[in-house]
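Whatever order the structure lists ligands and atoms in, that order sets their numbers, starting from 1. Numbering of residues begins at 1 and proceeds along the displayed sequence. What you see below is based on every heavy atom in this structure, not just the backbone, and it leaves out hydrogens, waters and symmetry mates.
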Amino acid sequence: MEGKKVIITGVPGVGKTTVVNEALKKIKEEGVEYKSINFGTFMFEVAKNDNIVQDRDQMRTLDRAVQKRLQQRAAQAISQIPGNVLIDTHASVKTPKGYLPGLPEWVLREIMPDCIVLVETDDDQILMRRITDETRSRDKEGSRSIAEHQQFNRSIAAAYSMLTGCTVKIVINADFLLERAAEDMAAVLR
Ligand code: AMP
Ligand code: MG
């Protein structure tokens, strides 16, 4: 199928969606179009319909087998979307029983990304962003645990790259430097 598949990841609160929206505005002016989709929303639509959860932030506490089933259905639906597709998701999801891979082998096989972007910034900046975001039920964790999650995401992204041959791009979304992050992201999408 024609089109580029770019997967955007980053720990909750790092500002993935904000960076993506800014980058999409930039490339649209240049005539480059992407369909921007959110993996969690695909999972949530199914979970809500089946009456498993009421809130998207409850999904990461579901039984692992249920999360995997939702993940697989989302991956299948997303693989049908033609053209350039940008997928906002997670390299790993922090669950009560440990890190769940966001892109296990059967998900990657459906999507076959060209590039995986890791949006990162300093752990204490992420901590502050979570505290001030009242729209979501963000996990309450300290900077050490955020650091561990970011480290884990880099490691697992390397594994994803080995499985698919995709490139891995790290985009830093530092405080007051959204413009730079958006430009780095746009460069991946062009
Ligand atoms: P988000 O809005 O991106 O924070 O996603 C909401 C929720 O969707 C996450 O907390 C996860 O429970 C779930 N989710 C998103 N992407 C994935 C994925 N690739 N694999 C498993 N769960 C995911
Ligand atoms: Mg988001």
Side-chain angles (χ1 to χ4, degrees), residues 5-24 34 36-50 52-79 81 85-113 115-121 125-127 129-141 145-146 149-150 152-157 159-161 163-164 166 168 171 173 178 181-182 185:
K5 312 288 171 229
V6 178
I7 296 187
I8 316 290
T9 69
V11 299
V14 72
K16 287 189 298 289
T17 316
T18 311
V19 178
V20 161
N21 290 341
E22 285 301 308
L24 286 177
Y34 270 80
S36 169
I37 64 116
N38 185 300
F39 198 102
T41 301
F42 275 76
M43 288 176 61
F44 182 50
E45 287 307 316
V46 175
K48 204 170 41 176
N49 260 319
D50 294 357
I52 308 175
V53 293
Q54 280 95 50
D55 180 299
R56 63 194 288 123
D57 284 312
Q58 290 171 343
M59 289 194 294
R60 58 182 175 270
T61 59
L62 291 170
D63 187 70
R64 187 172 64 101
V66 178
Q67 291 189 62
K68 282 171 72 176
R69 183 168 56 79
L70 294 170
Q71 210 175 28
Q72 188 143 30
R73 291 199 37 193
Q76 270 159 7
I78 292 165
S79 71
I81 304 171
V85 187
L86 185 156
I87 303 148
D88 180 335
T89 185
H90 295 273
S92 73
V93 177
K94 204 168 227 177
T95 82
K97 293 195 173 152
Y99 294 112
L100 181 88
L103 306 162
E105 180 265 330
W106 64 87
V107 169
L108 288 173
R109 213 188 310 129
E110 294 284 355
I111 299 176
M112 281 310 271
C115 180
I116 296 182
V117 179
L118 294 170
V119 182
E120 298 183 349
T121 193
Q125 291 183 5
I126 292 166
L127 191 71
R129 291 175 195 176
R130 285 189 191 172
I131 290 168
T132 51
D133 177 5
E134 282 164 1
T135 66
R136 297 288 300 267
S137 323
R138 301 295 195 192
D139 286 343
K140 309 230 172 354
E141 48 176 347
S145 145
I146 293 171
H149 194 182
Q150 292 206 104
F152 185 80
N153 283 346
R154 278 197 184 189
S155 312
I156 202 163
Y160 298 155
S161 171
L163 285 169
T164 60
C166 71
V168 175
V171 168
N173 181 29
L178 174 62
M185 179 90 78

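Lys94 contributes no side-chain N or O that, together with a main-chain N or O of Asp139, makes up a donor-acceptor pair within less than 3.5 Å. In this structure, Thr89 contributes its side chain and Ile8 its backbone to no donor-acceptor pair below 3.5 Å. The main-chain N or O of Asp57 is found under 3.5 Å from a side-chain atom of Asp55 such that the two form a donor-acceptor pair. In terms of modelled atom types and a separation under 3.5 Å, the side chain of Lys16 and the main chain of Gly10 share a donor-acceptor contact. In this structure, Asn173 contributes its side chain and Val14 its backbone to a donor-acceptor pair below 3.5 Å.
Taking 4.5 Å as the limit, every side-chain heavy atom of Ile78 sits out of range of all side-chain heavy atoms of Glu110.
Both the backbone and the side chain of Arg60 come within 4.0 Å of ligand 1, counting heavy atoms alone. Counting heavy atoms under 4.0 Å from ligand 1, residue Gln67 does not touch it at all.
Under the 4.0 angstrom criterion for non-hydrogen atoms, Val93 is in contact with ligand 1.
Any N or O atom pair closer than 3.5 Å counts here, and Gly102 shares at least one such pair with ligand 1. Considering backbone and side-chain atoms together, Arg136 places an N or O closer than 3.5 Å to an N or O of ligand 1. Where the criterion is an N or O separation shorter than 3.5 Å, residue side chain and backbone included, Thr89 meets it with respect to ligand 1.
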How far apart are the C-alpha atoms of Arg130 and Val11, what are their side-chain angles, what is the distance that settles it, and do they pass the side-chain contact (heavy atoms from CB on, under 4.5 Å) test?
-> CA-CA 10 Å; Arg130 285 189 191 172; Val11 299; 3.9 Å; yes
Hey, mind stepping through Arg138 and Asp133 against salt bridge (charged side-chain N to carboxylate O under 4.0 Å, His left out) and telling me if it holds?
-> CA-CA 8 Å; Arg138 301 295 195 192; Asp133 177 5; 3.3 Å; yes
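The protein heavy atom nearest to atom 21 (C) of ligand 1 is Gln71 NE2, 3.3 Å. The protein non-hydrogen atom at the shortest distance from atom 2 (O) of ligand 1 is Arg56 NH2, 2.8 Å. Closest to atom 8 (O) of ligand 1, if we only count protein heavy atoms, is Met59 CE, 3.3 Å. Met43 SD, 3.7 Å is the protein heavy atom nearest to atom 14 (N) of ligand 1. Counting protein heavy atoms only, atom 1 (P) of ligand 1 is closest to His90 NE2, 3.4 Å.
Distances from the Mg ion (ligand 2) show that Thr17 has an N/O/S atom below 2.8 Å.
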